[in-house]
Amino acid sequence: MPSALIVGAGVFGAALADRLVAAGWEVTLVDRFEPGDARSESGGETRLLRYSHGADGFYSASAWRARSAWRELGVLVEAGVVWFARREGGWESDSERELRERGIPVERLDPAAAARLYPSLAVDDLAFALLEPAAGVLRASDGVRALVARAQEGGLRLVRGEAQPDGEGALVDGRRLEADHVVWACGGWLAQLFPALVRLRVTRQDVVLFEASPSWAGAPGWIDFDASAYGHALIEPYGMKIASDREGEPTAPGLRPPQAPDVSLAAARDYLAHRFPALANAPVRSAPSCHYSLTVDGNFLFARHPELERVWVLGGGSGHGYKHGPAVAEHAVAALAGEVEPEPRFALGERAPSRALRTAGS
């Protein structure tokens, strides 16, 4: 029976553990936190599941493949997602073309039709809206916990502890663990553990959750690409989410301040008043922060260590990795089994800067 040691129980590590156990592997999963902990990049409240990625159909197909796994786990709120397009010929137009070519459900709406999807929506600055009816909102911490729980039912060994690389093994609180393959899937800590290989910027991203009446339940999630804003309507027990995808302040992995700063609260309220005017004075329910671990170009990391045959690195979610977790895991399982070569865009090494993929943190 092949074996794997995975360090990091975020969405990439948890999904990989789940897939490997299902494939008959002996798997140990290590994390300093419990699965779904709010201090991890994959913890906290919610993420969007959307398929639009502009002209890059690779990630559209990846998110679509992941959808079935999220539905099986029961953590997908199938409310749909709407893109607020302020112009023709931009990200939304490219996305529409790619989704149609791939047979992924998408509908172009005029502004008036988009307004009917929400109890209150200002559309005077919109050229059109793009509805992804099969998209929705993922319950983030619940999703990670569900992946780990299912893997444990199949025999996964879960170890709580802090790991450090030790050749082709890992030291976990001083105890050496080994396996046929060791996969380091520990988010922003990758750059600290492998500074010569991994380049990541870890940023703090603020989220504001507002009170909203029951009439907002079931309304679609939404993304305003040109405003670098996204969120979802009322989902209990969290509220209505407003967040910015602009790159936040640098931070250290594992830190989650209890309250977003006043400037983030003010920006979220300004956007809420502009786009959803009926909620201009809605009370704030909570204002937590999350993390992005950003690669230069927004593509993920998955590659074999150049000097250690049995060691792999997996991460670089870059603000859009959560929804892809099951699809990335599917690819990683095939690579670990020697059935495919790792996806070239996930390789280590130099990359050209790009923002194109990093939108609508999910």
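Start at 1 with the first residue, then count along the sequence. For the numbers below, each heavy atom of this structure counts, side chains included, while hydrogens, waters and symmetry mates do not.
- A salt bridge is defined here as a Lys NZ or Arg NE, NH1 or NH2 lying under 4.0 Å from an Asp or Glu carboxylate O, and Arg150 with Glu72 meets this definition.
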- Task: Decide yes or no on side chain to side chain donor-acceptor pair (under 3.5 Å) for Gln205 and Ser289, but give the supporting numbers first.
- Result: CA-CA 5 Å; Gln205 306 295 139; Ser289 297; over 6 Å; no

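- The nearest pair of heavy atoms linking His53 to Ser95 is N-OG, 3.7 Å.
- A salt bridge between Arg160 and Asp31 is absent, with no side-chain N of the basic residue lying under 4.0 Å from a carboxylate O of the acidic one.
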- Task: Report the C-alpha distance between Leu48 and Tyr322 in whole Å, list the side-chain angles of each, state the deciding distance to 0.1 Å, and finish with yes or no for side-chain contact (heavy atoms from CB on, under 4.5 Å).
- Result: CA-CA 9 Å; Leu48 294 183; Tyr322 186 99; over 6 Å; no

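- A salt bridge links Arg204 with Asp206: the closest approach of a Lys/Arg side-chain nitrogen to an acidic carboxylate oxygen falls below 4.0 angstrom.
- Summarising the geometry of Arg176 relative to Glu168, their closest heavy-atom pair is NH2-C, 4.1 Å, with the distance given to 0.1 Å.
- Relative ring orientation between Tyr59 and Phe346 is described as tilted, the plane-to-plane angle lying within the 30° to 60° band.
- No more than 12 heavy atoms of other residues, nucleotides or ligands lie within 6.0 Å of CD in Glu249, so this atom counts as exposed by the packing criterion.
- Ser318 and Thr295 share a donor-acceptor pair across their side chains, judged by distance under 3.5 Å alone.
- In this structure, Arg32 is positioned above the aromatic face of Trp189, its NZ or CZ under 6.0 Å from the six-membered ring centre and within 45° of the axis.
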- Start with the C-alpha gap between His232 and Thr46, add the side-chain angles, then the distance that decides, and say whether side chain to side chain donor-acceptor pair (under 3.5 Å) holds. CA-CA 9 Å; His232 59 65; Thr46 55; 2.8 Å; yes

- Query: Please walk me through it: do Ser40 and Ser42 pass side chain to side chain donor-acceptor pair (under 3.5 Å)?
  - Reply: CA-CA 5 Å; Ser40 74; Ser42 301; 5.2 Å; no

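- Summarising the geometry, atom OH belonging to Tyr271 is positioned 10.5 Å from atom OG belonging to Ser228; distances are rounded to the nearest 0.5 Å.
- For the pair Arg100 and Arg108, the tightest heavy-atom approach, listed with the atom from each and the gap, is NH2-N, 3.9 Å.
- Atom CZ of Arg71 has 12 or fewer heavy atoms from other residues, nucleotides or ligands within 6.0 Å.
- To the nearest 0.5 Å, atom CG of residue Leu177 and atom CG of residue Asp166 are 10.0 Å apart.
- Aromatic ring pairs are classed by plane angle as parallel below 30°, tilted from 30° to 60° and perpendicular above 60°; the pair His181 and Trp312 is tilted.
- Between Arg285 and Glu45, none of the side-chain N atoms (NZ, or NE/NH1/NH2) sits under 4.0 Å from a carboxylate O, so this pair counts as no salt bridge.
- The side-chain heavy atoms of Trp83 and Arg50, taken from C-beta on, include a pair separated by under 4.5 Å.
- Nearest heavy atom pair, residue Pro306 against residue Leu197, reads CG-CD2, 3.6 Å.
- Across Thr203 and Thr251, no two heavy atoms sit closer than the pair C-CG2, 3.6 Å.
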- May I have the step-by-step check of side-chain contact (heavy atoms from CB on, under 4.5 Å) for Phe302 and Val313, ending in yes or no? CA-CA 6 Å; Phe302 175 60; Val313 294; over 6 Å; no

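- Counting only heavy atoms from C-beta outward, the side chains of Trp64 and Leu99 never approach each other to under 4.5 Å.
- Considering every non-hydrogen atom in both Val207 and Ala243, the closest pair reads CG2-CB, 4.2 Å.
- Using a 4.0 Å cut-off between charged nitrogen and carboxylate oxygen, Asp56 and Arg345 count as a salt-bridge pair.
- Arg310 and Asp180 are not joined by a salt bridge, as no carboxylate oxygen comes within less than 4.0 angstrom of a charged side-chain nitrogen.
- The pair Arg157-Glu26 fails the salt-bridge criterion, with no side-chain N (NZ, NE, NH1 or NH2) lying under 4.0 Å from an Asp/Glu carboxylate O.
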